[in-house]
Protein chains: 2
Amino acid sequence: MADWQEITGGITAPKGYRAAGITAGLKPSGLPDLALIVSDVEAIASGVFTTSQVKAACVDYCRQRLQAKQSARAILCNAGQANAATGSQGIKDAEESAELLAKELNISPELILLASTGVIGQRIKMDALRNGIPKLIASLTDTGSDAAAGAIITTDLVTKSIALETTIGDRPVRIGGIAKGSGMIHPNMATMLAFVTCDAAVSSHLWQQMLTRAADRSFNSITVDGDTSTNDSLIALANGQSRTPAITEVGAESEKLEAMLTAVCQHLAKAIARDGEGATCLIEVQVTGAHDEQAARQIAKTIAGSSLVKSAIFGRDPNWGRIAAAAGRAGVPFEQENLQIQLGDFLLLDNGQPLPFDRAAASAYLKQAATGAYLQQDTVLISVKVGNGHGTGKAWGCDLSYDYVKINAEYTT
Amino acid sequence: MADWQEITGGITAPKGYRAAGITAGLKPSGLPDLALIVSDVEAIASGVFTTSQVKAACVDYCRQRLQAKQSARAILCNAGQANAATGSQGIKDAEESAELLAKELNISPELILLASTGVIGQRIKMDALRNGIPKLIASLTDTGSDAAAGAIITTDLVTKSIALETTIGDRPVRIGGIAKGSGMIHPNMATMLAFVTCDAAVSSHLWQQMLTRAADRSFNSITVDGDTSTNDSLIALANGQSRTPAITEVGAESEKLEAMLTAVCQHLAKAIARDGEGATCLIEVQVTGAHDEQAARQIAKTIAGSSLVKSAIFGRDPNWGRIAAAAGRAGVPFEQENLQIQLGDFLLLDNGQPLPFDRAAASAYLKQAATGAYLQQDTVLISVKVGNGHGTGKAWGCDLSYDYVKINAEYTT
């Protein structure tokens, strides 16, 4: 039983945050394309960024900023141009964006973090950005989460948002999050962005540790097509405005906060996986019995990312051979005599031996997921046991449909 | 300029080999399904096998055999049942197959190697195999390469075969090879098998080293859908029947032989990649300027395996952003300011900066590959430079089409 409840309000559910999203004219479509999140006070800030060698200017900017100072007041995000592979001019554009915003907010540019999503190789439309910033600031409200969530998406089918509440020292504490993912018509815009706000008081060191682990258990455990973006960014603020006791060391309270942070990140990550291009269902892979958590997650990710598994699920085909083959090539040693594979409630392989099962019923289970309620009954569960170790891990993906190829082949740069 | 010429004859082009392929009744289709390669004399034997944790019985069998003794007289290959995930009975079936063949050939079972391809989880139809072996032996001829090549394929669209000839000490030496790959309607049969024969005299230690490197530069550098099979096997025999001087140490002659072995393996590997499910063209990725060969190959493989790159090629879209993103996430450090990307003759990115280029002409280059002559003009060349290092590497793949999803989704186990 989870130790928290879902509340409304997204990233403005936690105390002391305002957000806004406007149309600044960066996207050709005329849809909202500029988002801002502001904390009333300086907040602890941590980030997890793309591991790609080809990085957007905003990623380099944030990494340097957070290395120098682990706090922030605001996150500015533009959609439309990725500002990646834009050379030295891209860096200048990023710096100018931060300076413009800082001036208008009357704070130091050091307290501003940046994110971009859009077409690789395109600079931010700086004129539109310059004109947009005053309007953006004027739009800030403590109910602005949905507006911000709508302005960071590119071609996602739905916005992604969540807020959870628990108690620390008998007082309420909240974490909110918004994200964008890879449900896109233009796959040059495959960036994954997530912004998390929290009103707990927590030390910067602990907050970064929590965020890194939560990212591993959520955003780093989803796979749509294996292509890590140049712009992937997860930024999390904690501003202490809940007035709860400061969490400065590992214990029951830090674990409670981390569990809720992980739940927020997992909700957003699953929403991104479910919104994968052409997807008809979410695939959740649970691996148990591995040596450690990382090994389990590695196997889970390999299965969730296998094109053969993904197209079998789309074909509503309970093809355990593809699951076994994907598990086997994950790079994690295990004894195949110990392998157990279950699809929903159907046990297909046990102790490495194929079992008879009701193929029609298993196929019906897969069919049903394609028509189930969003993020509730639309999940295909693959459970794999690889041994008797204590390592467990999960990963999420989506099925591979004709529409994936259609979307990706028919987009012209 | 290559130091060899192509000749006819496949695996029976080298001296002292016979081969056969027959219909034994293992495949439901009634197509040829049992192949045999026999060397007149005991040959040096080396193998490279799947790294999957889930392995077919024949893979375990060959590994153990070759660990004990690095020579062989015969390779028996059945198509139809993979004999993988078949438990202890699968091992017994493999051992019985070898004993049956050894008895009929009047040689020691220790000199027999085995390979299987087909549906995972299915035992070999042993009755059909038992009845087939005498007929198979009776069919052995020194022109039997095509028959063997036809009996190892499952749903490949074409057979894959090559033979090359060079000279060692002024006398002719030949290497032949046949392979099966992943051009399949039934992706449970995704096994990659390759058998190579050579009539040079070479020490067992050198032959294994050559084969391992050649495999890295060929079969381990292709990617169709990233799913390594449970049965992947490459077996190479060298029987000395060319009567050329024995190659026992590294030098000009060993390098010549290795270069030709690599060319044989690369031809077969490219044929497998080209025959990928639903493919309309071959993609060759050449990476230069990396720290070492392995790093270069890693980047090349990541690009060749990227679903976004593969579907862009199918869409005839010169989308360099996807190539840059794939290079960046390959796990190999490089400076993005040094990145150069070329598609055919079109330079798209240089020193990390996008260049103007003739988009229509670049798209026409991609279109042309889809109608070009098999393995000659049907290749899309992606050249990527990541720095000033001396490491170069190549990888091959194919485009991702609607038919890939159709084939994989509509197959029912």
Side-chain angles (χ1 to χ4, degrees), chain A residues 50-55 84-87 119-121 187-188 190 225-230 305-308 311-312 314-315 317-322 324-337 339 349 351-354 359 363 400-402 404-406 408-413, chain B residues 50-55 84-87 119-121 187-188 190 225-230 305-308 311-312 314-315 317-322 324-337 339 349 351-354 359 363 400-402 404-406 408-413:
Chain A
T50 182
T51 55
S52 175
Q53 297 296 313
V54 180
K55 293 177 299 290
T86 44
V119 181
I120 295 175
N188 268 2
D225 53 27
D227 277 23
T228 302
S229 147
T230 51
S306 157
S307 294
L308 290 178
S311 39
F314 175 65
D317 175 13
N319 191 323
W320 63 265
R322 298 187 190 180
R329 71 176 171 85
V332 176
F334 64 85
E335 297 302 322
Q336 67 185 75
E337 298 83 57
L339 191 63
L349 187 84
N351 295 319
Q353 306 274 1
R359 195 170 294 274
S363 181
L400 175 59
S401 71
Y402 298 119
Y404 177 89
V405 179
K406 188 178 166 73
N408 283 299
E410 295 187 355
Y411 170 67
T412 300
T413 44
Chain B
T50 181
T51 54
S52 175
Q53 298 295 314
V54 179
K55 293 177 299 290
T86 45
V119 181
I120 295 175
N188 269 2
D225 53 26
D227 277 23
T228 301
S229 146
T230 51
S306 157
S307 294
L308 290 178
S311 39
F314 175 64
D317 175 13
N319 191 322
W320 63 265
R322 298 188 190 181
R329 71 175 171 86
V332 176
F334 63 85
E335 296 303 321
Q336 66 185 76
E337 298 83 56
L339 191 62
L349 187 84
N351 296 319
Q353 306 275 0
R359 195 170 293 273
S363 181
L400 175 59
S401 70
Y402 297 118
Y404 177 89
V405 179
K406 188 178 165 73
N408 283 300
E410 295 187 356
Y411 170 68
T412 300
T413 43

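Just so it is clear: chains get the letters A, B, ... in the order the sequence lines come, proteins before strands, and each one is counted from 1.
The candidate from B/A85, B/A327, B/A84, B/G331 with the greatest count of non-hydrogen atom pairs under 4.5 Å with chain A is B/A85. Contacts with chain A were tallied for B/T86, B/L339, B/L349, B/V332; B/V332 has the most, counting heavy-atom pairs under 4.5 Å.
Across all their heavy atoms, B/S52 and A/A325 have their closest contact at OG-O, 4.3 Å. Scanning both residues, B/V54 and A/A324, for their nearest heavy atoms gives CG2-O, 3.5 Å. Between B/G121 and A/W320, the shortest heavy-atom distance links the atoms CA-CH2, 3.8 Å. Considering all non-hydrogen atoms of both residues, A/G87 and B/Q353 come closest at CA-NE2, 3.4 Å.
With rounding to the nearest 0.5 Å, the separation of CD in B/Q336 from CD in A/Q53 is 8.5 Å. A/N319 contributes atom CG, which lies 8.0 Å from atom CD1 of B/I120 (distance to the nearest 0.5 angstrom).
For a residue to count as touching a neighbouring chain, one of its non-hydrogen atoms must lie under 4.5 Å from one of that chain's; by this rule B/S363 does not touch chain A.
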